[in-house]
Student: 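My questions all concern the structure below.
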Number of protein chains: 2
Amino acid sequence: MSPASSPRRAQSGTASRILDVAEQLVQVHGFNGFSYADVSAELGIRKASVHHHFPTKLDLAAHLIERYQRRFAGALARIENASPDAQAALASYAALYGEAVRRDRLCLCGMLAAEITALPRALRTRLRGFFDENEAWLARTLERGRKSGALSFTGSPAAQARLLLSALEGAMLVARAYRDAARFEATTAMLLAGMAARQRRRGGRQR
Amino acid sequence: MSPASSPRRAQSGTASRILDVAEQLVQVHGFNGFSYADVSAELGIRKASVHHHFPTKLDLAAHLIERYQRRFAGALARIENASPDAQAALASYAALYGEAVRRDRLCLCGMLAAEITALPRALRTRLRGFFDENEAWLARTLERGRKSGALSFTGSPAAQARLLLSALEGAMLVARAYRDAARFEATTAMLLAGMAARQRRRGGRQR
DNA sequence: GTCTATAGGCAGATAGAC
DNA sequence: GTCTATCTGCCTATAGAC
């Protein structure tokens with residue numbers, strides 16, 4: 001099988017490996033915190049070779065955001081399929097972020113949101129697209145949970161989705177200062193527990 | 001009155017103005033996103049003059065964190081005095097962050113948490129100190145609200161305080177992508193509404 | 001596609017005159 | 001305390017050989 005028949009968008013092995021390394025570097029150090037030299041050193045190639053695949057740093061950023069969003073969308077779709085239970089779906093969603101925290105990473109788009117002034121207008125729009133997509137997925141899941149009686153929360157599903165996304169991004173951010181993944185997990189658990197439906201009369205599992 | 005008799009820590013006018021400018025630059029562009037040249041240009045002095053007051057960029061960062069935390073602590077104390085009502089205190093707390101958002105800024109310590117790998121161990125500790133202090137204040141306020149019956153939330157006040165802080169930091173972060181202060185305000189309002197006590201039987205103001 | 005070589009600029013930081 | 005001048009190094013990016 002030729003590389004050209006890859007699932008989506010033919011891309012040389014090197015380009016893909018550059019994206020892997022750059023993604024990690026951005027999530028750990030920020031867009032302004034890494035250089036082409038870091039990427040090339042990690043891969044054992046020269047800086048010029050990196051520029052061959054991604055001429056400018058903003059080209060690199062654009063591809064990073066695009067790939068990240070595409071992968072995230074895939075993960076969300078898989079969760080939706082695998083978890084008819086809305087509460088379980090939310091827990092899986094949070095676990096997605098938890099894995100990044102465990103690897104000392106911030107969400108790629110969260111990091112870029114902090115450094116937004118370094119990005120041109122086009123990339124800012126793409127960044128919003130990522131958050132929009134996440135919020136839409138969360139809103140759908142929340143609505144499903146509310147209808148099934150598994151979830152209980154204030155306001156509209158869309159508004160609650162925004163809050164949920166913000167809380168998770170913030171929990172990742174703050175957890176960095178403590179380098180403590182457990183802290184993130186605990187905060188996330190609280191968040192989800194807070195919107196689990198609390199049954200008052202029937203003897204459901206009330207903790 | 002001589003400058004030496006300033007409220008705390010004698011500091012020349014220039015040093016203070018450097019901190020003002022640097023603080024804004026960090027909150028808007030990040031620690032890795034500004035330079036001594038930016039600071040000096042804004043103040044109309046030379047780079048060497050900035051280095052005279054703060055020899056290294058990390059010296060500058062240390063003073064920024066220290067001053068920010070001191071000012072924040074002052075603001076929290078004032079809120080505590082002015083608002084016997086816990087719910088009002090939390091709203092004032094959120095408004096503190098809201099003002100930063102309106103000026104296109106991230107919380108100084110939130111931004112530095114994102115760029116934590118650029119900071120030496122000592123500064124990471126100071127950063128944690130800021131978050132610890134905020135969480136402690138929030139936990140006290142939450143406990144007060146719960147006891148008075150004004151607030152209702154899951155888990156311990158300390159755990160809820162962490163969640164609240166994370167959510168606010170995250171809401172600031174995400175709001176940057178949209179450059180929309182209203183988005184932050186709405187998310188904050190939801191957050192506070194979610195833990196306002198919902199009276200079930202007495203005809204309290206239920207929306 | 002990778003390399004060597006290099007341009008051109010800006011970064012953080014220092015020495016020493018005024 | 002501010003200045004001029006300068007150092008050294010790294011940054012992003014490009015030209016052109018292999």
Side-chain angles (χ1 to χ4, degrees), chain A residues 2-6 9-26 28-65 111-112 115 117-120 122-123, chain B residues 2-4 6 9-26 28-65 111-112 115-120 122-123:
Chain A
S2 78
S5 62
S6 294
R9 174 173 311 225
Q11 198 160 57
S12 87
T14 301
S16 170
R17 276 158 56 221
I18 289 171
L19 290 177
D20 290 341
V21 172
E23 182 177 273
Q24 190 242 89
L25 288 169
V26 172
V28 174
H29 303 289
F31 185 69
N32 290 329
F34 85 102
S35 70
Y36 272 65
D38 297 324
V39 177
S40 66
E42 179 69 29
L43 291 175
I45 61 179
R46 305 278 107 175
K47 285 190 292 174
S49 304
V50 181
H51 278 286
H52 169 75
H53 295 279
F54 303 97
T56 75
K57 213 180 173 186
L58 290 175
D59 286 326
L60 186 47
H63 283 88
L64 283 176
I65 296 173
M111 182 64 89
L112 292 178
E115 298 177 292
T117 63
L119 304 180
L123 290 190
Chain B
S2 80
S6 294
R9 176 172 312 226
Q11 200 160 55
S12 85
T14 301
S16 170
R17 275 158 57 220
I18 290 171
L19 290 177
D20 291 340
V21 171
E23 182 176 273
Q24 190 243 87
L25 287 169
V26 171
V28 173
H29 303 289
F31 185 69
N32 290 329
F34 84 101
S35 70
Y36 272 64
D38 296 326
V39 177
S40 67
E42 178 68 28
L43 291 175
I45 61 180
R46 305 277 107 176
K47 283 194 294 173
S49 304
V50 180
H51 278 286
H52 170 75
H53 295 278
F54 304 98
T56 74
K57 213 181 174 185
L58 290 175
D59 286 325
L60 186 47
H63 283 86
L64 283 176
I65 296 172
M111 182 64 89
L112 292 177
E115 298 177 293
I116 192 113
T117 64
L119 304 181
L123 290 191

Student: What integer distance in Å separates Arg17(A):CZ from dG1(C):P?
Tutor: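 Checked: the CZ to P distance equals 12 Å.
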
Student: Expressed as a whole number of angstroms, how long is the span from Tyr36(A):OH to dC11(D):P?
Tutor: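 Whole-Å distance recorded here is 13 Å.
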
Student: Just the rounded figure in Å: distance from C1' of dG9(C) to CG of Asp38(B).
Tutor: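 Atom-to-atom, Asp38(B) to dG9(C), this comes out as 14 Å.
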
Student: Rounded to whole Å, how long is the line connecting atom CZ of Phe54(B) with atom C1' of dT2(D)?
Tutor: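 The answer, rounded to whole Å, is 15 Å.
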
Student: Report yes if some heavy atom in the side chain of Val50(A) is under 4.5 Å from a heavy atom in the side chain of Thr14(A); otherwise report no.
Tutor: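 Side-chain contact under 4.5 Å: no.
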
Student: Flag the pair Phe31(A) / Leu58(A) as yes when at least one side-chain heavy-atom distance between them is below 4.5 Å, and no otherwise.
Tutor: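 With C-beta onward as the side chain, the pair touches.
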
Student: Once side-chain hydrogen bond (donor to acceptor under 3.5 Å, both in side chains) is applied, what residue pairs with a partner in residues 36-45 of chain B remain, sequence neighbours excluded?
Tutor: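 Sorted result for residues 36-45 of chain B: Ser35(B)-Asp38(B).
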
Student: Send over the distance from Lys47(A) NZ to dC11(D) P, rounded to a whole Å.
Tutor: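 My rounded result for the distance is 7 Å.
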
Student: Do any side-chain nitrogens or oxygens of Ser35(B) fall under 4.0 Å of OP1 or OP2 in dA11(C)?
Tutor: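 Yes, because at least one side-chain N or O of Ser35(B) sits under 4.0 Å from OP1 or OP2 of dA11(C).
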
Student: If I take atom NE2 in residue His51(B) and atom C1' in nucleotide dC7(D), what distance separates them, rounded to the nearest angstrom?
Tutor: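 Taking atom C1' of dC7(D) as the reference, NE2 of His51(B) is at 12 Å.
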
Student: May I ask you to evaluate whether Ser49(B) reaches the phosphate of dC3(D), defined as a side-chain N or O under 4.0 Å from OP1 or OP2?
Tutor: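 Indeed, a polar side-chain atom of Ser49(B) lies that close.
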
Student: Specify the closest pair of heavy atoms between Ala22(A) and Phe34(A), including all atoms of both residues, with the distance to one decimal.
Tutor: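 For Ala22(A) and Phe34(A), the tightest heavy-atom pair comes out as CB-CE1, 4.5 Å.
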
Student: If you pin Ala48(A) and Ala37(A) to their nearest nucleotides in DNA chain D, which one's is more 5'?
Tutor: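 Nearer the 5' end of the strand: Ala37(A).
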
Student: Between atom NE2 in His53(A) and atom P in dT12(D), what is the gap in whole Å?
Tutor: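 That distance rounds to 17 Å.
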
Student: Roughly how many Å is it from CD1 in Ile45(A) to P in dT4(C), rounded to a whole number?
Tutor: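 After rounding, the gap between these two atoms is 12 Å.
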
Student: May I ask you to evaluate whether Thr56(A) reaches the phosphate of dT12(D), defined as a side-chain N or O under 4.0 Å from OP1 or OP2?
Tutor: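 Indeed not, no polar side-chain atom of Thr56(A) lies that close.
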
Student: Side-chain N or O of His52(A) versus OP1/OP2 of dG1(C): is the shortest distance under 4.0 Å?
Tutor: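 So the side chain of His52(A) is within the cut-off, an N or O lying under 4.0 Å from OP1 or OP2 of dG1(C).
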
